[in-house]
There are 2 protein chains.
Amino acid sequence: MVKKVKARSVPFSQTRARHANETAEDYVEAVMELIAELGECRVLDLARYFNVSHVTVSRIVKRLHDENLLHTMPYKPVELTVEGLKLAKRVKDRHLVVLAFLMELGVDKTNAEIDSEGIEHHVGSKTLAAMKKFLKK
Amino acid sequence: MVKKVKARSVPFSQTRARHANETAEDYVEAVMELIAELGECRVLDLARYFNVSHVTVSRIVKRLHDENLLHTMPYKPVELTVEGLKLAKRVKDRHLVVLAFLMELGVDKTNAEIDSEGIEHHVGSKTLAAMKKFLKK
DNA sequence: CATGATCCGTAGCCATTGCTACATTTAAAA
DNA sequence: TTTTAAATGTAGCAATGGCTACGGATCATG
Ligand SMILES: [Mn+2]
Ligand SMILES: [Mn+2]
Ligand SMILES: [Mn+2]
Ligand SMILES: [Mn+2]
């Protein structure tokens, strides 16, 4: 008789899929925010924002341009496509819910900001709804 | 007058650091669990568990061996070092808290299992404490 | 004890995201 | 207008974690 292991592979597959979207989500949100704050979004603004080199940003911006999330021309500011803006709004809304939820739970702002930056990408629609419900009470 | 952007780089740096630990955390937890359930933990057990190829597992096991988290000899089952067991216990405890928390919040078990698999790695000590407190009430 | 199935390791590919060093473009100052 | 500083791009390296293909080791079974 061979013991069978529970089908735990689904959560891991889902987590890997979410990690694959994480960079795109953070970047479109950052571009939207930087344009709102600075009027435009330059590669170096993103590099400072994420605390990475401008080279890393430049390459990722190129990839997200290929994925139709960002507009970009050499030496020009980065902009959002229609698709990118839609994603940015959705992601920012979710991020704000997670942040508010953690603070409502009693976590200080500093730690809520740190943890929510990672947690946001792993919050599915059901969990997001539960957090919103909690916030209403 | 130049507008200055808030220091948002800290959360992103922290999130990247946590992602760097994620594989190690999931693997030691998996090894502990598979040994508990099957008596031993083989490379292929881990491959099935994570839904990846045995090659991916083999390379990662080697790296975690170099980091003194796992014991491994060619063609032998994988075991935990003292350090690995300590980490596994800590990680499993945190994972269970996150899972129970999500379910207490009203998320169904299936989605709670999926989301907690990613969220766990981004839950700092403050957030973990807040979740435990919530569960006590 | 032979052998075939299963398990595991190795070679080698790709994508992603970090980095430094250097080249080029753009924009500001002299 | 020339010159210099800042911003951006390019080349090339490393680590990580996916994969397939193939070969060698182990073990159960005949
Ligand atoms: Mn965000
Ligand atoms: Mn984030
Ligand atoms: Mn996990
Ligand atoms: Mn994550």
Side-chain angles (χ1 to χ4, degrees), chain A residues 1-5 9 12-28 30-31 34 38-67 69-79 117-118 121, chain B residues 1-3 5 9-10 12-28 30-31 34 38-67 69-79 117-118 121:
Chain A
M1 145 80 175
V2 176
K3 287 182 196 171
K4 209 160 104 199
V5 175
S9 61
F12 290 106
S13 299
Q14 187 64 48
T15 298
R16 281 195 298 275
R18 285 170 172 172
H19 278 153
N21 298 323
E22 185 158 337
T23 302
E25 292 178 353
D26 281 337
Y27 269 66
V28 294
V31 171
L34 286 167
L38 307 178
E40 64 174 18
C41 172
R42 313 293 316 208
V43 167
L44 275 187
D45 295 324
L46 287 166
R48 278 186 286 266
Y49 189 91
F50 289 121
N51 194 28
V52 297
S53 76
H54 78 279
V55 182
T56 297
V57 170
S58 185
R59 192 178 342 93
I60 291 173
V61 164
K62 197 179 297 171
R63 179 170 67 78
L64 298 181
H65 176 259
D66 293 343
E67 294 176 8
L69 292 173
L70 299 180
H71 260 317
T72 170
M73 300 263 294
Y75 299 98
K76 295 292 177 196
V78 179
E79 294 175 359
E117 193 56 68
H121 309 281
Chain B
M1 144 79 175
V2 175
K3 286 182 196 168
V5 176
S9 62
V10 173
F12 290 106
S13 298
Q14 188 63 50
T15 298
R16 281 194 298 276
R18 284 169 172 173
H19 278 153
N21 297 325
E22 185 160 335
T23 302
E25 292 177 352
D26 281 337
Y27 269 67
V28 294
V31 170
L34 286 167
L38 307 178
E40 65 175 17
C41 172
R42 313 295 312 209
V43 167
L44 275 188
D45 295 324
L46 287 166
R48 277 186 287 266
Y49 189 90
F50 290 120
N51 193 29
V52 296
S53 75
H54 78 278
V55 182
T56 298
V57 170
S58 186
R59 192 175 347 88
I60 291 173
V61 164
K62 197 181 298 172
R63 180 169 65 78
L64 298 181
H65 176 258
D66 293 342
E67 294 175 9
L69 292 172
L70 299 180
H71 260 316
T72 171
M73 300 264 292
Y75 299 98
K76 295 290 178 199
V78 179
E79 293 175 358
E117 193 55 69
H121 310 280

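We name chains A, B, ... by the order of the sequence lines, and we start the count at 1 in each one.
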Trainee: Begin with the C-alpha distance, continue with both residues' side-chain angles, and end with the deciding distance and a verdict on side chain to side chain contact (heavy atoms under 4.5 Å, CB included) for A:Thr15 and A:Arg18.
Mentor: CA-CA 5 Å; A:Thr15 298; A:Arg18 285 170 172 172; 5.7 Å; no
Trainee: Expressed in angstrom and rounded to an integer, what is the separation of B:Arg42 atom CZ from D:dA25 atom P?
Mentor: 16 Å
Trainee: Please work out whether the ring planes of B:Phe12 and A:Tyr49 are parallel, tilted or perpendicular, with thresholds of 30° and 60°.
Mentor: tilted
Trainee: Taking atom P of D:dG17 as reference, at what distance in whole Å does atom NE2 of A:His19 sit?
Mentor: 11 Å
Trainee: Can you measure A:Asp26 atom CG to C:dG18 atom C1' for me and round it to whole angstrom units?
Mentor: 15 Å
Trainee: For the side chain of B:His54, counting heavy atoms from C-beta on, which of C:dC8, D:dT10, D:dG17 is nearest?
Mentor: C:dC8
Trainee: Between the side-chain atoms of A:Arg59 and the base atoms of C:dG18, is any donor-acceptor pair under 3.5 Å?
Mentor: yes
Trainee: Counting only side-chain N and O atoms of A:Thr23, is one of them less than 4.0 Å from OP1 or OP2 of C:dT16?
Mentor: no
Trainee: Taking the minimum atom-to-atom distance to the side chain of B:Arg16, which one of C:dT26, C:dG18, D:dC19 wins?
Mentor: C:dG18
Trainee: For the side chain of A:Val52, starting at C-beta, report the closest nucleotide among D:dC19, C:dC19, D:dG17.
Mentor: C:dC19
Trainee: Taking only side-chain nitrogens and oxygens of B:Ser53, does any of them come within less than 4.0 Å of OP1 or OP2 of D:dT20?
Mentor: no
Trainee: Using whole Å, what does the distance between atom C1' of nucleotide D:dA6 and atom NZ of A:Lys76 come to?
Mentor: 15 Å
Trainee: Ignoring hydrogens and angles, tell me if any N or O in the side chain of A:Ser13 forms a donor-acceptor pair with the backbone of A:Ser9 under 3.5 Å.
Mentor: yes
Trainee: Report yes if a donor N or O on one partner sits less than 3.5 Å from an acceptor N or O on the other, where the partners are the side chain of B:Arg63 and the base of D:dG17; otherwise report no.
Mentor: no
Trainee: Please give, in whole Å, the distance from C:dC7 C1' to B:Glu40 CD?
Mentor: 11 Å
Trainee: What is the distance, to the nearest angstrom, from the CD atom on B:Gln14 to the P atom on C:dG18?
Mentor: 15 Å
Trainee: Specify the separation, in whole Å, of atom CD1 of A:Ile60 and atom P of C:dA15.
Mentor: 16 Å
Trainee: If you compare all heavy atoms of B:Cys41 against all heavy atoms of B:Leu46, which two are closest, and at what distance to 0.1 Å?
Mentor: SG-CG, 3.6 Å
Trainee: Assign each of B:Glu22 and A:Arg48 to its nearest nucleotide of DNA chain D by heavy atoms, then name whichever residue's nucleotide is nearer the 5' end.
Mentor: A:Arg48
Trainee: Taking any heavy-atom pair under 4.0 Å as a contact, classify B:Lys62: base, sugar-phosphate, or nothing.
Mentor: sugar-phosphate
Trainee: Ignoring the backbone of A:Val55, work out which of C:dA11, D:dT10, C:dG18 is nearest its side chain.
Mentor: D:dT10
Trainee: Above 12 or not: heavy atoms from other molecules or residues under 6.0 Å from NE2 of A:His65?
Mentor: yes
Trainee: Using whole Å, report how far CG of B:Leu44 lies from P of C:dC7.
Mentor: 5 Å
Trainee: Among D:dT26, D:dT8, D:dG9, which nucleotide has an atom closest to any side-chain atom of A:Ser58?
Mentor: D:dG9
Trainee: Can you tell me which nucleotide in D:dC19, C:dG9, C:dT24 comes closest to the side chain of A:Tyr75?
Mentor: C:dT24
